[in-house]
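Inspection log for the structure reproduced underneath, given as structure tokens.
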Amino acid sequence: MSRDAVDPRSDALIASIGADKGLHEDFGLVWKGQPAGIPYYVVGGDQPKVPIHFQEAKNESDPGPYPIPKDAHIEGGSHGDGERHGLVLDKDEWKLYELYRAFPVDGGASWNAYSGSIFDLRVPRARPAGWTSADAAGLPILPGLARYDEICGAKKLSHALRFTATKTRRAYVSPATHFASRHEDENLPPMGMRVRLKADYDTSRFSGAARVILEGLKTHGLILADNGGDWFISGAPDDRWNHEELLPIRRVKGEDLEVVKMGPITTR
């Protein structure tokens, strides 16, 4: 993606999110008693599967059962009332199970959820056109998270990171399959939009986790996946994160980014 052309509407799209707003790490600290970020579990093929009851987007959700552990941690904690994502990766079956607004029933014997999706990692494919997933853009969540083992272990970011924006367009661009907005302004970002850190941005002023993330953003960038805080980057909670090492990315502003040229935009 580092060599792809810049979208002709890049400046206007960046401005609509906030040219003077900084990147914000939505992980790596404790917020209201809970670790910020989207947790995930890795299980084996022997993990028992439990029924999932979809409350809203049933027609766009993959039916259960899902291998959700009874004691699974949910985004925001057991008493959280936010997006409550729940992610489980089956390492034997190579399948990714994701839920949005997940609530355990009878101690996890089953779950209620707004929507859910199953991704077969052996045969990667996009959701059907117009379908949501556990994310507003219809994308898988886990592949877009910043994870400690890669940022601070391998010290290399080799994929795009998921980010959010407060106000988005009623539109999506591949690989997204879904929008979550009523706004039709062409200057607003569509779901699936990719941005990258400009090639001439000097990352030598940074160190540690911040530098690894910023250098990765030049090559793999960010992908708009949901409505939320402007330029909020998603990651997985981990006790080993040193939040002070992440904070410097806030010095990077929207004006330091550029939108990668988009393909056809779907508005219905």
Side-chain angles (χ1 to χ4, degrees), residues 13-32 34-40 56-57 73-77 79-87 98-103 113-117 127 131-147 159-173 175-183 185 187-197 213 217 220-237 241 243 246-247 249-250 252-254 256-257 259:
L13 290 162
I14 293 293
S16 75
I17 304 174
D20 60 346
K21 294 181 180 178
L23 298 181
H24 187 99
E25 71 300 333
D26 200 16
F27 61 96
L29 76 164
V30 175
W31 173 249
K32 293 186 177 180
Q34 296 292 333
I38 303 176
Y40 69 95
E56 297 291 340
H73 291 293
I74 298 300
E75 180 187 15
H79 299 294
D81 194 35
E83 301 203 330
R84 294 184 62 90
H85 288 114
L87 317 180
E98 301 189 336
L99 295 174
Y100 169 59
R101 293 283 292 171
F103 293 87
Y114 180 97
S115 62
S117 48
R127 305 282 286 165
W131 277 33
T132 188
S133 59
D135 217 355
L139 298 168
I141 297 171
L142 179 57
L145 299 182
R147 300 185 293 276
H159 59 85
L161 292 180
R162 173 186 186 273
F163 86 101
T164 62
T166 301
K167 196 172 183 179
T168 59
R169 183 181 172 189
R170 188 182 184 276
Y172 63 84
V173 61
T177 59
H178 186 260
F179 50 70
S181 174
R182 297 180 180 179
H183 304 293
D185 185 347
N187 291 329
L188 291 174
M191 290 296 176
M193 184 184 79
R194 299 280 291 266
V195 301
R196 66 184 171 217
L197 185 62
I213 290 172
L217 295 189
H220 303 287
L222 299 164
I223 185 165
L224 181 59
D226 202 353
N227 297 310
D230 288 325
W231 302 124
F232 274 45
I233 299 175
S234 301
W241 285 119
H243 190 233
L246 297 169
L247 282 173
I249 71 170
R250 298 186 183 188
V252 179
K253 306 297 183 182
D256 300 316
L257 306 169
V259 177

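- Between the CG atom of L161 and the CZ atom of F27 there is a distance of 7.5 Å, given to the nearest 0.5 Å.
- Contact record, A136 with M191: CB-CE, 4.0 Å, taken as the closest heavy-atom pair.
- Of all non-hydrogen atoms in E75 and G37, the two that sit nearest each other are CG-O, 3.5 Å.
- By the 6.0 Å contact criterion, NE2 on H73 is open, its count of non-hydrogen atoms from other residues, nucleotides or ligands being 12 or less.
- Minimum heavy-atom separation, I141 to E98: N-OE1, 2.8 Å.
- With respect to Y114, the side chain to side chain contact (heavy atoms under 4.5 Å, CB included) criterion is satisfied by exactly one of E83, E56, R84: E56.
- Between I213 and L246, the closest side-chain pair of non-hydrogen atoms falls below 4.5 Å.
- For R169 (side chain) and R182 (main-chain N/O), no donor-acceptor pair under 3.5 Å exists by modelled atom type.
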**OP:** Verify side-chain contact (heavy atoms from CB on, under 4.5 Å) between L145 and L87, making sure each step is shown before the conclusion.
**Re:** CA-CA 11 Å; L145 299 182; L87 317 180; 4.0 Å; yes

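- Between the side chain of S16 and the backbone N or O of N187, at least one donor-acceptor pair lies under 3.5 Å.
- Distance check: F232 CZ to K21 NZ gives 9.5 Å after rounding to the nearest 0.5 Å.
- Between the side chain of R127 and the main chain of A176, no donor-acceptor pair closer than 3.5 Å is present.
- With hydrogens and angles ignored, the 3.5 Å screen pairs a side-chain donor or acceptor of T164 with a backbone N or O of G229.
- Here CG of L23 is found 4.5 Å from CD1 of I233. Values are rounded to the nearest 0.5 Å.
- Using modelled atom types, one finds a donor on one side chain and an acceptor on the other under 3.5 Å when comparing D230 with T166.
- Remark: the T168 side chain and the N227 side chain contain an N/O donor-acceptor pair separated by less than 3.5 Å.
- Between I223 and G192, the shortest heavy-atom distance links the atoms CG1-O, 3.8 Å.
- Under a 3.5 Å cut-off, the side chain of T177 and the backbone N or O of W131 do form a donor-acceptor pair.
- A distance-only check finds a donor-acceptor pair linking the side chain of S115 to the backbone of S133 [under 3.5 Å].
- Taking every heavy atom of both residues into account, F163 and L224 meet most closely at CE2-N, 3.3 Å.
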Subject >> R170 vs D185, salt bridge (Lys or Arg N to Asp or Glu O under 4.0 Å): CA-CA, chis, key distance, verdict >> reply: CA-CA 8 Å; R170 188 182 184 276; D185 185 347; over 6 Å; no

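- Using modelled atom types, one side-chain atom of R147 and one backbone atom of L142 make a donor-acceptor pair closer than 3.5 Å.
- In this structure, the side chain of W231 does not engage the main chain of R250 through any donor-acceptor pair within 3.5 Å.
- Atom NE2 of H24 and atom OG of S234 lie 10.5 Å apart (nearest 0.5 Å).
- A distance of 12.5 Å separates CD1 in I17 from NZ in K167, rounded to the nearest 0.5 Å.
- Closest approach of H243 to E25, counting heavy atoms only: NE2-OE2, 2.8 Å.
- A distance-only check finds no donor-acceptor pair linking the side chain of R162 to the backbone of G235 [under 3.5 Å].
- Note that CG of L217 and CZ of R196 are 12.0 Å apart. Values are rounded to the nearest 0.5 Å.
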